[in-house]
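Structure record follows, encoded as structure tokens.
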2 protein chains.
Amino acid sequence: MNFNKDQLIHYVENIFKTVGLSSKDSHTVADSLVAANLRGVDSHGVTRVPIYVKRLKEGAVNPRPNIKVIQDNNSTLLVDGDDGMGQVIGQKTIEIGIEKAKKNGGVHIGVTRSSHFGAGAYFVKQGVEEDMITFAMSNAPSTMAPWGGVRPYFGTNPYTFAIPTGKKEPIILDMATSVVARGKIIMAAQNGTDIPTGWAIDNKGQPTTDSNSALKGTVLPFGGPKGYGIAMMIDIMSGVLTGAGFGPHIKNIYGDFDKPQNVGHFFQLIDINTFMPAKLFKRRINQMIDEIKLSPAVEGIDEIFIPGEIEHKMEQTKRKNGIDLSKEVYDDIKKVGADCGVDIRDYEGKRNDTIR
Amino acid sequence: MNFNKDQLIHYVENIFKTVGLSSKDSHTVADSLVAANLRGVDSHGVTRVPIYVKRLKEGAVNPRPNIKVIQDNNSTLLVDGDDGMGQVIGQKTIEIGIEKAKKNGGVHIGVTRSSHFGAGAYFVKQGVEEDMITFAMSNAPSTMAPWGGVRPYFGTNPYTFAIPTGKKEPIILDMATSVVARGKIIMAAQNGTDIPTGWAIDNKGQPTTDSNSALKGTVLPFGGPKGYGIAMMIDIMSGVLTGAGFGPHIKNIYGDFDKPQNVGHFFQLIDINTFMPAKLFKRRINQMIDEIKLSPAVEGIDEIFIPGEIEHKMEQTKRKNGIDLSKEVYDDIKKVGADCGVDIRDYEGKRNDTIR
């Protein structure tokens with residue numbers, strides 16, 4: 001089923017309004033999820049609506065959090081998310097971070113008592129618009145064994161950064177520290193398809209291509225022991241340092257409905273102008289991009305890509321042609337809407353009416 | 001040949017004194033190199049003495065740099081290294097960083113006009129002693145193609161962090177963003193041995209196990225496109241943002257003797273006490289370490305290691321038993337000493353006299 005992006009945002013925000021979120025926060029969550037679908041990262045898109053709604057209904061997520069700065073040292077901040085939606089807390093944090101970095105040049109921000117914040121790209125893109133190099137990371141429920149281990153300890157702890165380029169298309173790397181995001185294995189299981197070798201091991205530590213066995217086992221870190229080290233660093237910055245949960249002490253989003261997740265995040269913003277004029281920086285970064293794009297590719301490869309370039313192209317296409325949802329995802333979000341008294345049919349197929 | 005660590009430091013510092021470095025700076029360079037040998041990272045140890053001396057003698061490195069802070073925004077700093085030795089500039093930067101982070105909580109520091117700084121672990125360990133989470137990264141001469149490319153663009157841009165644990169043994173990850181540091185391929189070529197598949201491609205883009213062909217080709221990023229993205233981020237932070245060279249515009253340490261390298265670095269220090277009492281943080285980090293160490297290992301694996309643990313064990317052994325240098329490295333550093341009027345035989349085999 002194809003949706004115009006704005007219609008899909010409206011549908012999703014109207015669902016969240018029925019479970020206690022303010023209009024503004026409902027929009028933030030919906031906008032963030034649809035932004036992931038636009039970038040082709042369907043694992044972090046509207047497929048998450050049913051579980052988010054379930055956690056809100058069960059009381060595991062606070063729909064009206066009192067998000068506040070509990071430590072403020074100007075260049076370091078600690079934010080308490082009061083167990084709200086991760087997207088709402090992430091949005092507030094990036095806004096605070098931009099203000100602080102404007103004043104001070106650079107800021108490190110820890111966030112405690114949060115929840116799954118979706119795709120980090122949504123937040124770091126906002127720093128870029130203020131000429132700030134921006135990083136966001138988060139820990140996540142335990143799904144990845146330490147290197148050499150069998151039992152999950154770390155989450156797929158995502159690492160995200162964005163670099164201003166002066167064009168519509170910043171450099172954005174938004175990656176899981178597992179070989180792939182667990183969300184992609186969830187998608188495969190939902191769609192009933194296998195996964196490639198090397199993504200995961202089963203609960204005995206053996207390699208598997210069965211998506212359901214992989215969900216019972218543990219995903220593998222990217223780059224072997226180095227990726228394990230980076231996943232650990234993210235858990236330390238996001239969890240250990242902030243007072244949030246870490247390792248297996250973070251609650252599972254698909255279970256533990258009686259408790260908040262206690263996810264932690266870590267953000268960094270650096271105002272480019274405190275190092276050199278942003279205009280000069282952008283000239284230099286575009287020189288780098290041009291040099292890489294003109295660099296010879298291995299035989300059989302058409303083009304060398306800059307991080308975020310493929311997702312940006314995808315977004316341009318989907319803004320024009322609409323977002324196609326798989327039948328499984330469509331059915332899932334249709335049902336959750338119906339349960340909340342929001343009818344998906346009121347938002348479908350308006351692609352041709354609303355192209356901007 | 002076996003050396004007591006202090007004797008090896010004395011030998012190396014006495015060499016650097018003959019080529020214009022101050023006593024203090026000679027000690028910093030020697031101490032940093034031998035620290036890498038102690039940790040078993042021989043690629044970044046005294047094997048670098050001949051090339052460093054050559055660059056100093058040729059005028060490509062400034063033996064008496066005027067290292068100064070040229071932008072100071074409290075939470076962001078830019079340091080001009082005046083084309084001195086990277087170790088000397090790194091040491092000065094970490095000292096400035098510790099002072100700033102003590103006052104402000106957190107600091108981001110860019111460094112321009114520097115040179116190869118050796119192993120980043122040397123610097124980040126110092127932040128740990130002040131209860132600071134510390135990061136160091138550096139760009140490096142072009143040896144690694146962008147993902148999908150044939151021609152080197154990025155260096156093996158190292159990424160290093162250290163986390164206080166309250167024990168002698170901090171968590172330290174000190175990694176190249178290539179599958180392995182190019183220094184390991186240089187060592188293999190010096191020792192006349194092959195390298196494993198997957199480390200590098202030759203100058204036609206084909207996989208190679210020949211260390212000499214690999215040195216003419218390009219090393220591969222760790223973790224595929226994700227490692228490529230992280231290597232790019234490091235070059236942006238260290239090079240593009242600081243005004244230093246970036247990509248292929250950094251001069252080769254083993255050539256370009258008429259010009260400074262113009263390497264850039266990026267440091268971050270975060271005072272743990274601005275988030276939570278360091279004592280509490282250390283209790284939490286030790287809980288993480290204990291839980292990982294007690295986690296079941298894959299069949300056939302004896303023990304799960306924490307980043308830096310293997311290097312720490314190695315260091316304990318070498319502090320006791322001395323540092324063994326290969327014949328090739330011994331001959332190389334003996335020759336450079338002789339050229340500078342420093343006789344290596346005055347520093348050899350004192351292991352049994354000087355154990356501490």
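Naming convention: chains lettered A, B, ... in sequence-line order (proteins, then strands); numbering from 1 in each chain.
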Legend entry - Leading residue by heavy atom contact count with chain A [cutoff under 4.5 Å; candidates B:Val240, B:Asp302, B:Ile133, B:Ile301]: B:Val240

Legend entry - Proximal component of A:Ile270, with respect to chain B [non-hydrogen, under 4.5 Å]: side chain

Inset, instruction - Find the one option among B:Phe161, B:Phe281, B:Trp147, B:Tyr153 whose heavy-atom pairs under 4.5 Å with chain A are most numerous. - result: B:Tyr153

Legend entry - B:His108 and A:His108 aromatic ring geometry - parallel, tilted or perpendicular at 30°/60° bounds: parallel

Legend entry - Part of B:Asn74 lying under 4.5 Å from any heavy atom of chain A: neither

Inset, instruction - Please flag which part of A:Ala176 lies under 4.5 Å from any non-hydrogen atom of chain B: side chain, backbone, both or neither. - result: both

Legend entry - Best-contacting candidate, A:Val150, A:Leu241, A:Val298, against chain B by heavy atom pairs under 4.5 angstrom: A:Leu241

Inset, instruction - Find the one option among A:Asp235, A:Leu280, A:Ile230 whose heavy-atom pairs under 4.5 Å with chain B are most numerous. - result: A:Ile230

Legend entry - Rounded distance (nearest 0.5 Å) linking atom OH of B:Tyr159 with atom CE of A:Met233: 3.0 Å

Inset, instruction - Name the region of A:Asn104, side chain, backbone, both or neither, that has any atom closer than 4.5 Å to a heavy atom of chain B. - result: both

Legend entry - Leading residue by heavy atom contact count with chain A [cutoff under 4.5 Å; candidates B:Pro296, B:Pro248, B:Gly105]: B:Pro296

Inset, instruction - Please flag which part of A:Glu303 lies under 4.5 Å from any non-hydrogen atom of chain B: side chain, backbone, both or neither. - result: neither

Legend entry - Largest heavy-atom contact set with chain B, pairs under 4.5 Å, which of A:Ala145, A:Gly205, A:Ala297: A:Ala297

Inset, instruction - Hey, could you give me the CG/CG distance between A:Asp271 and B:Asn73, rounded to the nearest 0.5 Å? - result: 8.0 Å

Inset, instruction - Under 4.5 Å, counting heavy-atom pairs only, tell me which of B:Gly106, B:Gly110, B:Pro225 racks up the most with chain A. - result: B:Gly106

Legend entry - A:Thr76-B:Thr274 side chain donor-acceptor pair, cut-off 3.5 Å: yes

Legend entry - Spacing of A:Phe154 atom CZ and B:Met288 atom CE [to the nearest 0.5 Å]: 4.5 Å

Inset, instruction - Select, from B:Leu77, B:Ile70, B:Thr242, the one with the greatest count of heavy-atom pairs under 4.5 Å involving chain A. - result: B:Leu77

Inset, instruction - Decide side chain to side chain contact (heavy atoms under 4.5 Å, CB included) for A:Met232 and B:Ile306; before the verdict, give the C-alpha distance in whole Å, the side-chain angles of both, and the deciding distance to 0.1 Å. - result: CA-CA 9 Å; A:Met232 181 186 285; B:Ile306 303 299; 4.2 Å; yes

Legend entry - Nearest-0.5 Å distance, CE of residue B:Met276 to OG1 of residue A:Thr112: 7.5 Å

Inset, instruction - List for me each residue that meets side chain to side chain contact (heavy atoms under 4.5 Å, CB included) alongside B:Leu220, sequence neighbours excluded, and say none if there are none. - result: B:Val179, B:Ile201

Legend entry - Side chain, backbone, both or neither of A:Ile163 within contact of chain B (heavy atoms, under 4.5 Å): side chain

Legend entry - chain B contact via A:Leu173 - which portion, at a heavy-atom distance below 4.5 Å: side chain

Legend entry - Spacing of A:Phe135 atom CZ and B:Met237 atom CE [to the nearest 0.5 Å]: 4.5 Å

Inset, instruction - Count the heavy-atom pairs under 4.5 Å between each of B:Gly229, B:Gly223, B:Pro146, B:Gly149 and chain A, then report the option with the highest count. - result: B:Gly149

Inset, instruction - Under 4.5 Å heavy-atom distance to chain A, tell me which part of B:Leu269 shows up: side chain, backbone, both or neither. - result: backbone

Legend entry - Heavy-atom side-chain contact between B:Gln287 and A:His249 under 4.5 Å: yes

Legend entry - residues 307-314 of chain A: residues contacting chain B (heavy atom under 4.5 Å, by number): A:Pro307

Legend entry - Side-chain donor/acceptor of B:Arg151 to backbone N/O of A:Ser295, under 3.5 Å: no

Inset, instruction - Check B:Tyr228 against A:Phe305 and note the closest heavy-atom contact, atom names and distance. - result: OH-O, 2.7 Å

Inset, instruction - Identify which part of A:Ile289 has an atom lying under 4.5 Å from any heavy atom of chain B, answering side chain, backbone, both or neither. - result: neither

